[in-house]
Amino acid sequence: MTSKAPVNQHPSTQEASPVRVRIAPSPTGDPHVGTAYIGLLNYIYARQRSGQFILRIEDTDRTRFVPTSEQMIFDSLRWVGLTWDEGPDVGGPYGPYRQSERTEIYREHAEMLLANGHAYRSFETAEELEAMRQQQIAAKVPPRYNGAHRHLTQAQIDAYLAEGRPYTVRLKVPENQSTTFTDELRGPITFDHNNVDDQVLLKSDGYPTYHLANVVDDHLMRITDVIRAEEWISSTPKHVLLYAAFGWELPRFWHMPLLRNTDKSKISKRKNPVSLVFYQQSGYLPQAMLNFLGLLGGGMAQPTEQEIVSKGLNTKEGDIFSLAEMLEKFDFRRISLGGPVFDLVKLKWLNGEYLRKLTPEEFFTALRSTILSDSYIRAIAPLVQSRMEILGQFGDMTGFFFADNILPPESVWLPKKRTFEESLAFIAEQLTALEAAAWEAEAIESSLKTLGEAKQWSVKENFMLLRAILTGSTSSPPLVESMIVFGKARTLDRLRRFLDVQKKQANQRK
RNA sequence: GGCGUUAUGGUGUAACUGGUUAACACGUCGCCCUCUCAAGGCGAAGAGUCCGGGUUCGAGCCCCGGUAACGCUACCA
């Protein structure tokens, strides 16, 4: 057996070149707090070193692509106060910054690897691969590509190509070796190649996977430091191997701790609001959000006791700081590696602190630009105009649009002919259906009706249940229109919170 | 299952190169203020640093061995 010494011990990039970092979100839905978190870290890193911060859109997964998502990412990141030096919307010398516009580049690079023997064509179908995976799982062996097409003869390859068979391009991971790279926060990390799969680099639809596109773009865009979430550690050896296969210099890798739900699992929308749009629409202040994100993972030194005394600081001021202060004091070496829980309670407290510091005029402006904006009220008004006799009834009819907590009692929401359990189960299904729906009237209505038919809930029962939970009342402006105005993020959050509360209460009763 | 990462009160973080009763903030509880609720003020409870060994005069910090949580294990990122 060959020795498994770390032969691929690659040196890190030297300090010389100007720092360039990037975030690369995927437009697959609402912009994520995790993107803002990693974005903030990259931003601070770049600004502290007079470097550049680049925004790149990773839209190579056509199956999950959401057209409106990209603009929402721009808007949300700007909302929290981050700006980028290069990106799809601002241009720059290393564009295009949208991966779907770079497919030719990836194809060429895949060809290069094919030519120099670091990659090979794999002609299996997705179904065949899935079947293989299932067998391996059943046989209790680690699911991995078996390398069947690694050693296809040229004649076989030509025959397949002549047939026009679709194929993927896979990385040829050297056998009986290991790869070691340095994580700037954790030190050297080694992976035995037995545990590194022959990753698909180019999909059969001609689009690259993350791994290829990411490495190619990072190199072409002169990225010096890859600052990304911890979930990427496992695939870093693939990236290191790719840099080596191209003969490129390695960037530095910084893997940041993963944001968590209260139960410590990776933060997810089922357990926590993760959409930046949600926080914006719910009336969180961007400074508070940024401050909160800066708090997670350490990085900011707490004031010493001397500082507290000499500057007359209130001790809680140690937790309150602006972006400017982060640029001044944030220290990447201080980052603590345990995944921090995204604690809404502390975020709310922080937001309250910021709110109280506003002057009355600023506070009024904040209200008028968010929860009481002309555009919001203008959207709500037509839903109630025909139902009103005097203007004073506006509040009675629209309160739920301006509320954070709507928790109707059972007497309001529980349908007469349904049990508690079946109703809750149905709400959970409504939630799932709505999560998948495009946020426009027909899509919402039809997905709800389809669900109702499948589960034998009449349209009336179906919509009334939702109405009660969302508005807190059995009479309200038109439901679907109200949901649209209220927004997808907040609507889904209200449903999730309702379910959480009901489940907790049900558990307590037991 | 395999591989990797991580591990300080309920939560986020502190604790200089190992050095007295492990600190700050959020949350919780109590008291004060007050027409209520917040805010504010004062105070309290809550961890002996995942577990077990070792080194040392001395370990949250160093070493060894476990355990658990999390991540990855896709033609998703």
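In what follows, chains carry the letters A, B, and so on, assigned in the order in which the sequence lines appear, proteins first and then strands, with residues in each chain numbered from 1.
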Report task. Toss me the dot-bracket line for RNA chain B: Watson-Crick and G-U wobble, both under 3.5 Å, 5' to 3', using | for pairs to another strand and [ ] for crossers. Result -> (((((((..((((.....[...)))).(((((.......))))).....(((((..]....))))))))))))....

Query raised in the report: What is the distance from OH of Tyr37(A) to P of G12(B), rounded to the nearest Å?
Result: 11 Å

Query raised in the report: If you measure from the P atom in A74(B) to the same atom in G2(B), how many Å do you get, rounded?
Result: 16 Å

**Report entry** Atom-pair distance (CD1 on Ile320(A); P on A39(B)), nearest Å
**Finding:** 13 Å

Requested in this report: For Asn195(A) and for Arg356(A), locate the closest nucleotide of RNA chain B by heavy-atom distance; then report the residue assigned to the nucleotide nearer the 5' terminus.
Outcome: Asn195(A)

**Report entry** Salt-bridge present (Lys346(A), Asp343(A); N to O < 4.0 Å)
**Finding:** no

**Report entry** P spacing across the pair C16(B) / C35(B), given as an integer number of angstrom
**Finding:** 49 Å

Query raised in the report: When you check the glycosidic angle of G48(B), does it come out syn, meaning within 90° of 0, or anti?
Result: syn

Requested in this report: Sticking with atom P, work out how far G9(B) lies from G52(B), rounded to a whole angstrom.
Outcome: 15 Å

Query - Cation-aromatic face contact Arg47(A)/Tyr43(A), 6.0 Å, 45 degrees - result: yes

Query raised in the report: Tell me: CZ of Phe330(A) to C1' of U13(B), nearest whole Å?
Result: 12 Å

Query raised in the report: If we take the C1' atom in both A7(B) and G60(B), what is their distance in whole Å?
Result: 11 Å

Query raised in the report: Going by an N to O cut-off under 4.0 Å, is there a salt bridge joining Asp30(A) and Lys269(A)?
Result: no

Query raised in the report: What integer number of Å spans the C1' atoms of C24(B) and C33(B)?
Result: 26 Å

Requested in this report: Take the protein atom CE of Met300(A) and the nucleotide atom P of A15(B), then report the distance between them rounded to whole Å.
Outcome: 14 Å

Query raised in the report: Can you tell me how far P in U73(B) sits from the matching atom in U55(B), rounded to whole Å?
Result: 43 Å

Report task. Can you check each nucleotide of nucleotides 71-77 of chain B against protein heavy atoms at under 4.0 Å and return B for base, S for sugar-phosphate only, - for none, in 5' to 3' order? Result -> BSSSBBB

Query raised in the report: Is Arg333(A) salt-bridged to Glu184(A), cutoff N-O under 4.0 Å?
Result: yes

Query raised in the report: What distance, rounded to whole Å, do you find between the two C1' atoms, one in A47(B) and one in G53(B)?
Result: 23 Å

Query - Arg22(A) and Glu86(A) ion-paired at < 4.0 Å - result: no

Report task. Just call it for Arg62(A): base, sugar-phosphate, or nothing, with non-hydrogen atoms closer than 4.0 Å on any strand. Result -> nothing

Query raised in the report: Can you check the Phe253(A) CZ to U5(B) P distance for me, whole Å?
Result: 15 Å

Query raised in the report: Shortest non-hydrogen contact from Asn291(A) to Asp319(A)?
Result: ND2-O, 3.0 Å

**Report entry** Test side chain to side chain donor-acceptor pair (under 3.5 Å) applied to Lys271(A) and Asp500(A), Asp263(A), Asn261(A), the passing residue
**Finding:** Asp263(A)

Query raised in the report: Can you tell me how far C1' in U8(B) sits from the matching atom in U13(B), rounded to whole Å?
Result: 10 Å

Query raised in the report: OP1 or OP2 of A7(B) less than 4.0 angstrom from a side-chain nitrogen or oxygen of Arg186(A), does that happen here?
Result: no

Report task. Verify the neighbour count for atom CZ of Phe402(A): are there more than 12 heavy atoms of other residues, nucleotides or ligands below 6.0 Å? Result -> yes

Query - SB check Asp218(A) Arg228(A) (cutoff 4.0 Å) - result: no

Query raised in the report: CZ of Arg228(A) versus P of G4(B): gap in Å, rounded?
Result: 18 Å

Requested in this report: For this output row, return yes or no: ring centroids of Tyr243(A) and His219(A) closer than 6.0 angstrom.
Outcome: no

Query - Among Phe253(A), Phe181(A), Phe246(A), Tyr210(A), ring pair (Phe, Tyr, Trp, His ring centres under 6.0 Å) partner for His239(A) - result: Tyr210(A)

Report summary line: Partner of Asp198(A) under side chain to side chain donor-acceptor pair (under 3.5 Å), picked from Arg144(A), Arg150(A), Lys172(A), Arg170(A), is Arg150(A)

Requested in this report: Provide, to the nearest angstrom, the distance between the CG atom belonging to Leu350(A) and the P atom belonging to G12(B).
Outcome: 15 Å

Requested in this report: Could you encode protein contacts along nucleotides 25-34 of chain B as a string, one character per nucleotide from 5' to 3', using B for base contact, S for sugar-phosphate-only contact and - for no contact, with a heavy-atom cut-off of under 4.0 Å?
Outcome: BSS-------

Report summary line: note: Leu293(A), atom CG; U13(B), atom P; distance rounded to Å ~ 12 Å

Query raised in the report: Cation-pi between Arg222(A) and Tyr94(A): NZ/CZ under 6.0 Å from ring centre and within 45° of the ring axis?
Result: no

